[in-house]
Engineer: 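One structure is given below, represented as structure tokens, and several questions about it will come after.
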Amino acid sequence: GELIARAEALEGERYNWEQDWQRIADFILPRKNDIITKRSRGEGRNQKRYASVGMQSLNMLAASLHGTLTSKAVQWFDLETGNPDMDADPNVRQYLQDIARFMWRELNSSNFHSQVHELYLDLAAFGTGCMAQEEAASPGEDYKGLIFSSHPIQSYLIEEDHNGQVDSVCVKHMMTAGQIRGKFGESSMTRDHLSAVDKSPLDQFEILHWVMPRAGGSDDEYTEDAAKMPFKSCWIDRGQEEIIREGGYQEFPFTVPRW
């Protein structure tokens, strides 16, 4: 109940921004113009567009950011230990170069580039973007690569710490009972979820995913105990006010750039 009330308070603060986002999307990003005006799938979205200059300019800016900051063709980052003497050691330098190369290849073999482009579009159009980054495997499974998800501007809420840095995110997911079962397992489903699997498989449930700093948590030491990780994760069925899953992250799993 507390996290749902917290989300409702943030939605109230966000309301005025949504009016501007809707107008921006109508003219330069029509495929995402269901911020306030809800549309059916397949419905035409270009009614208010009278010129394509804005759309073309937005795509050019997003492509430029993508190509210069996070290129798929050129490795765009290196690693250091933070200790100049250690970084000067040839063996350490070679090790860091090998790890950085491996990380870059893993990014390129994932869906990173399709999702980061959506992030740049949102950042250029609305001044804010939000992308989640996680391992593709579920907790306890072997490594299966990385998966990224860029969330629409109207689907998430953010909070800042005392330094003005985003440290808490709430994302709204609309999920069918089958999707809930696939992600969380049947043991985590509520009675309504289980009933909907057969009776109304296309019905969607509003699921909130909160990630926030854990009270008393510390990132000084690595731990595999989700209950002790520095960031708390909580999945909640909003309509039923039921917690579906609680967990944690060793690092904040969202990138939230703001312009």
Engineer: Examine distances only and state if a side-chain atom of Arg245 and a backbone atom of Ser233 form a donor-acceptor pair shorter than 3.5 Å.
Structural biologist: no

Engineer: Is there a side-chain contact between Phe254 and Val171 (heavy atoms, below 4.5 Å)?
Structural biologist: yes

Engineer: For residues Thr255 and Gln133, determine if any side-chain heavy atom of one lies less than 4.5 Å from a side-chain heavy atom of the other.
Structural biologist: yes

Engineer: So, does Glu160 use its side chain to make a donor-acceptor pair with the main chain of Val166 at under 3.5 Å?
Structural biologist: no

Engineer: Which word best sums up how the rings of Phe184 and Trp235 line up, parallel for under 30°, tilted for 30 to 60°, or perpendicular for over 60°?
Structural biologist: perpendicular

Engineer: Leu208 and Leu3: side-chain contact (heavy atoms from CB on, under 4.5 Å), yes or no, with the steps?
Structural biologist: CA-CA 9 Å; Leu208 300 181; Leu3 292 179; over 6 Å; no

Engineer: Any ion pair linking Arg238 and Glu11 (charged N to carboxylate O, less than 4.0 Å)?
Structural biologist: yes

Engineer: Side-chain contact, heavy-atom cut-off 4.5 Å: Ile24 with Leu29?
Structural biologist: no

Engineer: Give me the ring orientation class for His209 and His173: parallel if the planes are under 30° apart, tilted from 30 to 60°, perpendicular past 60°.
Structural biologist: tilted

Engineer: Do you know the tightest heavy-atom contact between Pro30 and Asn33?
Structural biologist: O-OD1, 2.6 Å

Engineer: Indicate yes or no: at least one non-hydrogen side-chain atom of Ile244 is less than 4.5 angstrom from one of Met175.
Structural biologist: no

Engineer: Looking at every non-hydrogen atom in both residues, tell me the closest pair between Gln154 and Asp34 and how far apart they are.
Structural biologist: NE2-OD1, 3.3 Å

Engineer: Keeping Asp89 on the side-chain end and Asn91 on the backbone end, is there a donor-acceptor pair under 3.5 Å?
Structural biologist: yes

Engineer: Just verifying a value: how many Å separate Arg93 CZ and Asp78 CG, rounded to the nearest 0.5 Å?
Structural biologist: 11.5 Å

Engineer: Less than 4.5 Å apart, side chain to side chain, heavy atoms only: is that true for Val169 and His151?
Structural biologist: no

Engineer: When rounded to the nearest 0.5 angstrom, what distance separates CD1 in Ile99 from CD in Gln94?
Structural biologist: 10.5 Å

Engineer: Might you confirm whether atom CD of Glu80 has over 12 heavy atoms from other residues, nucleotides or ligands at distances under 6.0 Å?
Structural biologist: no

Engineer: I need the minimum non-hydrogen distance between Pro230 and Gln250, along with the two atoms involved.
Structural biologist: CG-O, 3.6 Å

Engineer: Indicate yes or no for a side-chain donor-acceptor contact from Ser52 to the backbone of Met55 under 3.5 Å, with no hydrogens or angles considered.
Structural biologist: no

Engineer: With the 4.5 Å side-chain cut-off for hydrophobic clustering, are Met131 and Trp259 part of the same group?
Structural biologist: yes

Engineer: Would a distance-only check, ignoring hydrogens and angles, find a side-chain to backbone donor-acceptor pair under 3.5 Å from Trp21 to Ile35?
Structural biologist: no

Engineer: Just by distance, do the side chain of Gln115 and the backbone of Ser150 share a donor-acceptor pair under 3.5 Å?
Structural biologist: yes

Engineer: Can you tell whether the side chains of Glu242 and Arg191 come within less than 4.0 Å, N to carboxylate O?
Structural biologist: no

Engineer: Is the side chain of Arg181 donor-acceptor paired with the backbone N or O of His193 at a distance under 3.5 Å, no angle test?
Structural biologist: no

Engineer: What are the two closest heavy atoms between Leu157 and Arg14, and how far apart are they?
Structural biologist: CD2-NH1, 3.5 Å

Engineer: Would one find more than 12 heavy atoms of other residues, nucleotides or ligands at under 6.0 Å from atom OH of Tyr143?
Structural biologist: yes

Engineer: What are the two closest heavy atoms between Gln75 and Ala100, and how far apart are they?
Structural biologist: NE2-CB, 3.5 Å

Engineer: Before giving the answer on side-chain contact (heavy atoms from CB on, under 4.5 Å), spell out for Cys170 and Arg6 the whole-Å C-alpha distance, their side-chain angles and the decisive distance to 0.1 Å.
Structural biologist: CA-CA 10 Å; Cys170 175; Arg6 188 168 162 183; over 6 Å; no

Engineer: Could you check whether any side-chain N or O of Ser109 sits under 3.5 Å from a backbone N or O of Glu106, counting only pairs where one atom can act as donor and the other as acceptor?
Structural biologist: yes

Engineer: Closest approach of Ile158 and Leu10, non-hydrogen atoms and distance?
Structural biologist: O-CD2, 4.1 Å

Engineer: Could you label the plane-to-plane angle of the Phe148 and Phe112 rings as parallel, tilted or perpendicular, counting under 30° as parallel and over 60° as perpendicular?
Structural biologist: perpendicular

Engineer: With rounding to the nearest 0.5 angstrom, report the CG to CD distance, Leu61 to Gln56.
Structural biologist: 14.0 Å

Engineer: Of the options Arg23, Glu18, Gln22, which is the one that meets Asp20 in a side-chain contact (heavy atoms from CB on, under 4.5 Å)?
Structural biologist: Arg23

Engineer: Spell out, as yes or no, whether a donor-acceptor pair under 3.5 Å connects the side chain of Arg258 to the backbone of Thr128.
Structural biologist: no

Engineer: Taking C-beta and beyond as the side chain, do Val197 and Ile180 meet within less than 4.5 Å on heavy atoms?
Structural biologist: no

